[in-house]
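Shown next, in structure tokens, is the structure this report addresses.
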There are 2 protein chains.
Amino acid sequence: MESGRAVTTIRDVARVAGVAVSTVSRVINQSGYVAKDTEAKVKVAMEQLNFQPSGIARGLISRKTGSIGLLVPDVANPFFSDIARGAEDAAIAEGFSLFLCNSDWQLDRERMYLDILRRRWVDGVIVAGTRSSESDLLECIGSLPFVVVDRKATQMGSSVWSNNEVGALLATEHLMSTGCQKIVHIAGPEQSPSATARKTGFLRAMSQRPSQSALQSLLFPGDFRYEGGYHAALSLLNSSAPPDGIFAANDLMAIGVIQAAESLGLHIPQDLAVVGYDNIAMSSYVSPRLTTIDQPGYKMGQAGFEILFQIMHSKTQNLTDQEFEPTLIVRESTRSILLH
Amino acid sequence: MESGRAVTTIRDVARVAGVAVSTVSRVINQSGYVAKDTEAKVKVAMEQLNFQPSGIARGLISRKTGSIGLLVPDVANPFFSDIARGAEDAAIAEGFSLFLCNSDWQLDRERMYLDILRRRWVDGVIVAGTRSSESDLLECIGSLPFVVVDRKATQMGSSVWSNNEVGALLATEHLMSTGCQKIVHIAGPEQSPSATARKTGFLRAMSQRPSQSALQSLLFPGDFRYEGGYHAALSLLNSSAPPDGIFAANDLMAIGVIQAAESLGLHIPQDLAVVGYDNIAMSSYVSPRLTTIDQPGYKMGQAGFEILFQIMHSKTQNLTDQEFEPTLIVRESTRSILLH
DNA sequence: ATGAAAGCGCTAACAC
DNA sequence: GTGTTAGCGCTTTCAT
């Protein structure tokens, strides 16, 4: 069972150095007074024994483990792996380690992970891309310091977010301004707050357009996945009145749209203009390069940890909402704006 | 400082249930004999107090934390985020949590993380995509159970790997069999063992070809990044004797090659055939879809944890090398094989 | 079947 | 300045 893995303890160090355990502890923590030469002796002993203080034992006393949980739907999704990378970089810079948890957008998995994290006495949690209602979340999280990423926290929590409605507005207006006559939005999953906000932004932009009847027919359901975009586009483009502009709720679906259009022999952006959302790395690699709305995953992950760090260090849960401005990145999948 | 976060302990439960702490412990661990009704009383108390046993305290005694470290160069890299997802899924299924560590391919960061993980008493480590020499690795890891992913462990460790030399051979032979006359390999970074193996495989395949002089000139340096592939291809294709086949050491570079070729007005695969390596999701989304060698990241991550799990549970470090067969995925970026 | 008590490795009073 | 000691929350003998 490999259980008795030999651990050199503070006591071993004390014995070798010929001092008391508390002295060793003082050296480790640089607390209290220790004579220069005693300190040296202790350090030599620590070196010699290759001593590593047990974070576990320290955690038991201090009630702080120096670890936090990162809850994402799926690290294999580029947007969330960027968030993970940003959060981890920020965390390690402050000496924190990060537990990776993949919820697969399932509420019960979120609950499960939150319980596990609590048992592990993590000092805080970063919850990214959750679908759970805020009250559910608050209930699961209990008294743990937390910050929500990719969604504005409304009740009682801090968050890092980007205004998806504004981003969607930008995307739609861009399609309108480049001369598209019939624009369709392929939406994300119903339960996703960001997907909903993007849909709202799209509808808001469209409603500004004079004499645009039957807005509903310009919405098409999607699922945030490549295949969803591909099949949606196939249906749309084969219909009697195909669109000449498509705003997909995320880049993955937009890329699916591009592939579908290409398989039908259509030219982008001449026959069909396409805009995505997220600005994942892939979006600038596809052909034609995808026009999209930038949402800086790495920075949002970083900011998430930094805010959490502040919360963990101040008794008060002083609320913060850090907003990242969505920006339009124009690439080849849309016509360049016509000047008149 | 939020330090006195109230924790309900086993003692609280014992008091409420009117029993001794050891009885509560027995109920939690289902060890020893506990009378049915006593057990019920305890469970009610646990429920009522919303008691969660402290993993920290248990870890201090058992010397097992139920956590492991996952060391990757960069989770934002699709291949490694797949590995991370596979490893995490497998870990949580056995009740293990996973610390995410990004080394950025830097040896000193690997050392740092390994030290941190040891301090945290992780039960084991999965090291993926390391560049460190094996002796360095062994020294840093010390007595921690570990498994290496994406590289064959030669000395004294288990590993999950895929034969990169064979994969490269397949890729190169495919290019030859589809009629390419001048094939160039854009290699990965020198320090990367997988990159080296792929280069070796390429050279082996080429050496089978009769009268192929100056093999060296058919190698071009690269860096595993999109931009590297792009610029390498630009130089190659603008030269006096441009290749008609390129085997890039990974998909990211291959996609860069495709973009470069396209920007020069070349047709793929008619003017230039391209093969990548890894079969990342993106490779089937680009246009033309990329022919590549499949290396199943998710499964490799899963297998990594499973092997580690066995090692952690058996005193003996019985070595295992789980190999994943590289397979050729033919898509649009290469000519279909001519039958004769 | 249950309780009392000794520690896991460390920190933090409190003595000296 | 340095040593002694009492826990942190839990498991685990050893009694009863």
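Every chain is numbered from 1 and lettered A, B, ... according to where its sequence line falls, protein lines coming before strand lines.
Below 30°, between 30° and 60°, or above 60°: for B:F96 and B:F309 the angle between ring planes is above 60°, a perpendicular geometry.
Distances shown here put every side-chain N or O of A:S25 at or beyond 4.0 Å from the OP1 or OP2 atom of C:dC10.
Rounded to the nearest 0.5 Å, atoms CD1 (A:I28) and CD1 (A:I10) are 4.0 Å apart. Note that OG1 of A:T9 is 9.0 Å distant from CG of A:L49, once rounded to the nearest 0.5 Å. A distance of 12.0 Å separates CZ of A:R85 from OG of B:S81, quoted to the nearest 0.5 Å.
Atom-to-atom, CZ of A:R118 to P of D:dG9 comes out at 17 Å; the value is rounded to the nearest Å. Between the C1' atom of D:dG9 and the CZ atom of B:R15 lies a distance of 14 Å, rounded to the nearest Å. Atom pair B:D12:CG and D:dG9:P shows a separation of 8 Å (rounding to whole Å applied). In this structure, NZ of B:K64 is placed 13 Å from P of D:dT12, rounded to the nearest angstrom.
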Which donor-acceptor pairs under 3.5 Å do the side chains of residues 296-308 of chain B make with protein atoms, sequence neighbours left out?
| from | atom 1 | to | atom 2 | distance (Å) |
| --- | --- | --- | --- | --- |
| B:Y298 | OH | B:D89 | OD2 | 2.5 |

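Judged by distance alone, the side chains of B:R118 and A:N50 never bring a donor and an acceptor atom under 3.5 Å apart. Donor-acceptor pairing under 3.5 Å is lacking for the side chains of B:S67 and A:R120.
Contact annotation: the side chain of B:I92 approaches that of A:I116 to within less than 4.5 Å [non-hydrogen atoms, C-beta and beyond].
The residue B:V24 sits apart from the nucleic acid: no heavy atom pair falls under 4.0 Å.
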query: What string of B, S and - do you get for nucleotides 4-9 of chain C 5' to 3' if you count protein non-hydrogen atoms under 4.0 Å?
result: B--BBB
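Remark: B:Y33, B:V34, B:A35, B:T38 in residues 30-38 of chain B come within less than 4.0 Å of DNA chain C through at least one heavy atom.
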